[in-house]
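Here is how names work: the chains are called A, B, and so on, in the same order as the sequence lines, proteins then strands, and each is numbered from 1.
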2 protein chains.
Amino acid sequence: MSQRVKIKQILLSDSTNYEVTVKGWIRTFRNNQFIALNDGSTNNNLQVVVNEADLDPALFKRITRGASIAVTGEIIPSLGKGQKVELKTKQLEILGDCDAEAYPIQPQKQSLEFLREIAHLRFRTNTFGAIFRLRHALAFAVHKFFNEKGFVYLHTPVITASDAEGAGEMFRVTTLDLKNPPRTENGDIDFKEDFFGRSTNLTVSGQLEGELGAMAFGDIYTFGPTFRAENSNTARHLAEFWMIEPEMAFYDLKDNMDLAEEFIKYVIRYALDNNREDLDFLAQRLVEEEKNKPQAERSEMGLIEKLEFVLNNEFVRITYTEAIDILKNSKPNKNKKFQYLVEEWGTDLQSEHERYLVEKHFKKPVILTDYPAAIKSFYMKQNDDGKTVRAMDILFPGIGEIVGGSQREENYDKLVRRMNELHIPVEELYWYLDTRRFGTVPHAGFGLGFERLVLFVTGMGNIRDVIPFPRTPKNAEF
Amino acid sequence: MSQRVKIKQILLSDSTNYEVTVKGWIRTFRNNQFIALNDGSTNNNLQVVVNEADLDPALFKRITRGASIAVTGEIIPSLGKGQKVELKTKQLEILGDCDAEAYPIQPQKQSLEFLREIAHLRFRTNTFGAIFRLRHALAFAVHKFFNEKGFVYLHTPVITASDAEGAGEMFRVTTLDLKNPPRTENGDIDFKEDFFGRSTNLTVSGQLEGELGAMAFGDIYTFGPTFRAENSNTARHLAEFWMIEPEMAFYDLKDNMDLAEEFIKYVIRYALDNNREDLDFLAQRLVEEEKNKPQAERSEMGLIEKLEFVLNNEFVRITYTEAIDILKNSKPNKNKKFQYLVEEWGTDLQSEHERYLVEKHFKKPVILTDYPAAIKSFYMKQNDDGKTVRAMDILFPGIGEIVGGSQREENYDKLVRRMNELHIPVEELYWYLDTRRFGTVPHAGFGLGFERLVLFVTGMGNIRDVIPFPRTPKNAEF
């Protein structure tokens with residue numbers, strides 16, 4: 001056989017009349033003649049033409065949907081519609097059979113819910129092929145962006161003894177025998193006997209460790225798994241998800257916003273430039289899906305249009321206080337259409353409020369800054385007004401909060417005072433406070449939930465469809 | 001103040017006589033005149049020249065080792081040795097003070113053991129600056145290599161219900177109340193009540209899920225944290241470490257070896273091309289360190305020489321059976337110098353045997369293939385001899401096994417038979433077996449422990465020094 005060539009390469013080229021070997025899986029077999037062959041290098045299939053008369057009947061019968069084959073033949077111009085070239089078979093070998101009846105992936109449309117149950121096979125569909133190639137492209141773009149800017153990729157720990165950040169419920173990590181754990185004299189679990197000699201959890205954020213890196217390298221980023229043991233069974237929550245957390249020395253809140261906006265636009269641009277076919281496929285998918293919806297519920301923009309729109313518009317930047325004023329005076333607030341009416345300064349914004357600002361009022365991504373200290377984390381830099389902090393949240397249409405960040409409090413005394421107010425154990429976080437004792441600098445950072453970004457770029461509606469094997473309450477399959 | 005410029009950019013340029021602002025941390029302050037300023041963009045410092053007479057005495061006193069400052073001034077040619085340019089201060093601001101006496105990082109040489117205890121600050125030393133910039137470069141090179149080859153980066157799950165692979169001891173993940181866990185009627189822990197409705201652990205490998213991806217995308221790779229709850233307190237083991245696991249459809253063992261060799265050479269070449277200064281620093285560090293050793297224990301090659309050597313030589317490829325013959329007839333075996341004498345075929349190789357092959361016999365990286373089935377995992381492809389499998393381990397000087405991989409058993413019947421022999425629950429792994437039921441293909445893959453690679457490239461001796469915050473028995477600090 002000649003050298004194996006990937007289908008993407010064949011389809012990208014205009015050459016014809018050369019011999020190749022291809023290997024892949026049969027997506028469809030039409031008219032006992034046309035095999036649509038996919039090898040995963042692209043969502044597009046290569047049309048492989050077989051002549052029944054040339055093949056052993058026993059072999060011919062094994063050409064079924066889902067089977068894997070190796071074919072050698074000649075690439076020739078295609079007379080059919082839908083493809084420029086096709087492969088004229090000289091030699092065909094079955095690598096792996098597939099009983100098309102038993103095969104869970106069927107040619108008719110299958111629901112996303114069902115495909116979630118066979119997540120080990122759903123990669124083989126066009127939809128999930130496109131989604132996970134885009135996920136790859138976005139992940140690569142993240143690394144490329146930060147590498148070009150001289151950031152250091154820091155692998156912050158997944159197992160942590162620190163439970164001080166209070167970002168959410170945590171999973172315990174242990175090697176103790178649950179049936180009969182060692183106990184102290186007063187009956188408590190004796191974590192001194194545990195693997196790490198103390199109680200440990202799965203991290204909810206790499207930020208605090210990230211700051212340690214920024215205080216040496218200047219600019220760092222993390223990109224790793226983070227965890228929340230929250231019993232949230234929604235289309236937007238996962239128990240295990242990937243987060244990107246850059247942290248920059250010598251950055252103030254404005255620098256932080258500039259970087260976040262540049263970053264998001266960069267990765268979206270990268271996807272548009274490098275994965276246009278996957279995006280076109282998903283855009284068309286969205287159109288089909290929305291045909292079943294009433295006109296009023298359909299997206300105002302197509303997927304590509306929406307991505308271009310984000311690239312071509314500056315994000316609106318307003319303070320929390322300004323946002324509250326807009327919301328108080330908004331129609332849905334006055335007409336009591338909001339579930340939670342906006343009445344006074346200090347209240348946390350609900351998803352409906354964020355969506356109103358982004359989707360109705362500004363019709364653009366919005367960066368909200370300077371939130372009330374009471375609803376934000378202890379490490380955010382305190383403004384001089386004594387009541388707000390230099391936080392920033394970036395709100396996206398359809399997604400809500402896609403980025404949360406802040407300038408960090410670099411003043412040791414202010415930080416300790418705030419920690420004491422919130423009963424955060426100062427001694428346990430001595431290492432974090434050391435950065436404020438020894439050459440502290442103004443600095444800032446943010447976190448971006450990677451799956452939220454993939455949701456936005458793919459136009460999918462459920463976060464479980466943009467991570468390979470979702471972990472959610474009562475579900476850790478595969 | 002003018003726009004802040006990173007020190008790396010200033011030092012890379014030959015320009016002089018322009019004004020800049022730099023921000024960073026004071027590494028040293030000599031003769032009340034010369035500040036060595038570092039901002040993390042490079043290990044090299046910028047010499048900042050201050051004139052005591054120009055500064056407020058109170059400000060001048062605060063110029064101490066470890067303090068952070070912003071300086072505006074003119075870049076001029078330097079008359080001193082060791083640098084081409086220096087910064088003549090016009091304006092200097094202290095951003096964060098540092099009590100040089102209390103500061104744990106001291107100018108005299110500090111032991112790696114001590115620096116491990118202050119891992120939150122060790123990034124600020126030259127050694128750890130170089131190590132973690134190299135770690136970044138190697139991580140980026142990993143993504144770049146696979147992206148260029150069209151591999152899809154797959155985020156396999158960290159939390160897993162599968163404990164079937166048997167790669168090692170696992171950490172339990174739970175939200176149950178350890179003091180008073182729910183129990184079934186017969187007194188067992190009732191994991192139905194746990195967060196995921198079943199018993200879950202931290203993954204030891206993403207390979208099995210990776211294979212699911214390869215059966216759709218052709219080529220995938222993982223790069224994420226993996227875990228071993230082994231009580232190994234050695235310089236080569238971590239409880240949490242990052243692993244790279246590519247998995248390729250239509251690859252046989254030879255293709256697998258070719259890819260692994262190309263991959264390792266690519267990332268080492270990338271480090272040499274992009275981080276030469278960091279490598280030169282670590283090479284010099286190694287020379288200094290080895291001065292205290294007897295001649296016989298010193299490395300035969302310098303660090304750079306060793307890396308170039310790997311690039312310029314083909315890895316030796318021999319079978320396990322050939323290796324056993326070499327070892328049986330080796331001097332240390334005949335003279336009974338090995339701790340474990342090599343007597344019969346089938347025995348697992350010890351570190352001393354691997355090192356003999358690599359460091360003494362071949363003096364090159366070695367790929368050993370076709371190991372006895374009995375000492376390898378269930379999923380490896382069975383050879384026709386009925387006793388060996390298509391495994392490959394890559395052995396490196398000083399490191400030992402840096403890569404472990406194999407062609408996978410793609411035949412459903414053979415795989416199930418082997419699983420039954422080893423009492424691996426076939427029902428639980430139905431999803432893994434489905435890839436052999438529906439369009440199975442020959443495929444292969446390997447795993448590379450990222451920290452072992454960083455260890456090799458940096459020339460460091462302890463794996464705890466090449467990961468930001470090591471997790472080891474009784475230690476989960478920071």
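No donor-acceptor pair closer than 3.5 Å links the side chain of A:T175 to the backbone N or O of B:F171. Between the side chain of A:K23 and the main chain of B:A249, no donor-acceptor pair closer than 3.5 Å is present. B:R471 places no side-chain N or O within 3.5 Å of a backbone atom of A:V158 that could act as its donor or acceptor partner.
For B:D188, the parts lying near chain A are the backbone and the side chain together; criterion is any non-hydrogen pair under 4.5 Å. No part of A:F146 comes within reach of chain B, as not one of its non-hydrogen atoms sits under 4.5 angstrom from that chain. Both the backbone and the side chain of A:T435 come within less than 4.5 Å of a heavy atom in chain B. Looking at A:A119, there are no atoms closer than 4.5 Å to chain B (heavy atoms on both sides), in backbone or side chain. Using a 4.5 Å cut-off between heavy atoms, B:Y412 does not touch chain A at all. Contact annotation for A:T472: only backbone heavy atoms (N, CA, C, O) come within less than 4.5 Å of a heavy atom of chain B. Residue A:R65 does not touch chain B at all, counting heavy-atom pairs closer than 4.5 Å. For A:R436, no part lies near chain B; criterion is any non-hydrogen pair under 4.5 Å. For B:P473, the parts sitting under 4.5 Å from any heavy atom of chain A are the backbone and the side chain alike. For a residue to count as touching a neighbouring chain, one of its non-hydrogen atoms must lie under 4.5 Å from one of that chain's; by this rule A:Q9 does not touch chain B. Only the side chain of B:F191 comes within less than 4.5 Å of a heavy atom of chain A; its backbone N, CA, C and O stay farther away. Contact of B:A100 with chain A is not made at all, since no heavy-atom distance falls under 4.5 Å.
The shortest side-chain heavy-atom distance between A:K144 and B:H143 does not fall under the 4.5 Å cut-off. Proximity of A:I159 to B:L202: side-chain heavy atoms (C-beta onward) are separated by under 4.5 Å at one or more points. Taking 4.5 Å as the limit, some side-chain heavy atom of A:F123 sits within range of a side-chain heavy atom of B:L212.
Listed options A:G213, A:P157, A:G218 were ranked by heavy-atom pairs under 4.5 angstrom with chain B; first place goes to A:P157.
Atoms OG and NE2, on B:S68 and A:H443 in that order, are 11.0 Å from each other to the nearest 0.5 Å. The line from CZ of B:F217 to OG1 of A:T42 is 11.5 Å long, rounded to the nearest 0.5 Å. Rounding to the nearest 0.5 angstrom, the gap separating the CZ atom in A:F132 from the CG atom in B:L154 is 7.5 Å.
Taking every heavy atom of both residues into account, B:Y153 and A:A139 meet most closely at CD2-CB, 3.8 Å. Closest heavy-atom contact between B:A161 and A:A476: CB-O, 3.6 Å. Shortest non-hydrogen contact noted between A:C98 and B:G439 is CB-N, 3.9 Å. Summarising the geometry of A:G150 relative to B:K6, their closest heavy-atom pair is O-NZ, 4.4 Å, with the distance given to 0.1 Å.
Relative orientation of the A:W431 and B:F478 rings is perpendicular, given thresholds of 30° and 60° on the angle between their planes. Using cut-offs of 30° and 60° on the angle between ring planes, the pair B:W25 and A:F250 is tilted. Aromatic ring pairs are classed by plane angle as parallel below 30°, tilted from 30° to 60° and perpendicular above 60°; the pair B:H120 and A:Y430 is perpendicular. Between A:H155 and B:W242, the ring planes lie tilted relative to each other; the angle falls in the 30° to 60° range.
A salt bridge links A:E477 with B:R198: the distance from a Lys NZ or Arg NE/NH1/NH2 to an Asp or Glu carboxylate oxygen falls below 4.0 Å. Salt bridge status for B:D99 with A:R437: absent, with no side-chain N to carboxylate O gap under 4.0 Å.
Taking a 6.0 Å sphere around NZ of B:K192, one finds it holds 12 or fewer heavy atoms contributed by other residues, nucleotides or ligands. The environment of B:E101 atom CD is sparse: at most 12 non-hydrogen atoms of other residues, nucleotides or ligands sit within 6.0 angstrom.
Side-chain contact annotation: B:H136 with A:N147, donor-acceptor N/O pair under 3.5 Å present.
Each of A:D177, A:L176, A:V173, A:L178 was scored for a side-chain contact (heavy atoms from CB on, under 4.5 Å) with B:R172, with one residue passing: A:L178.
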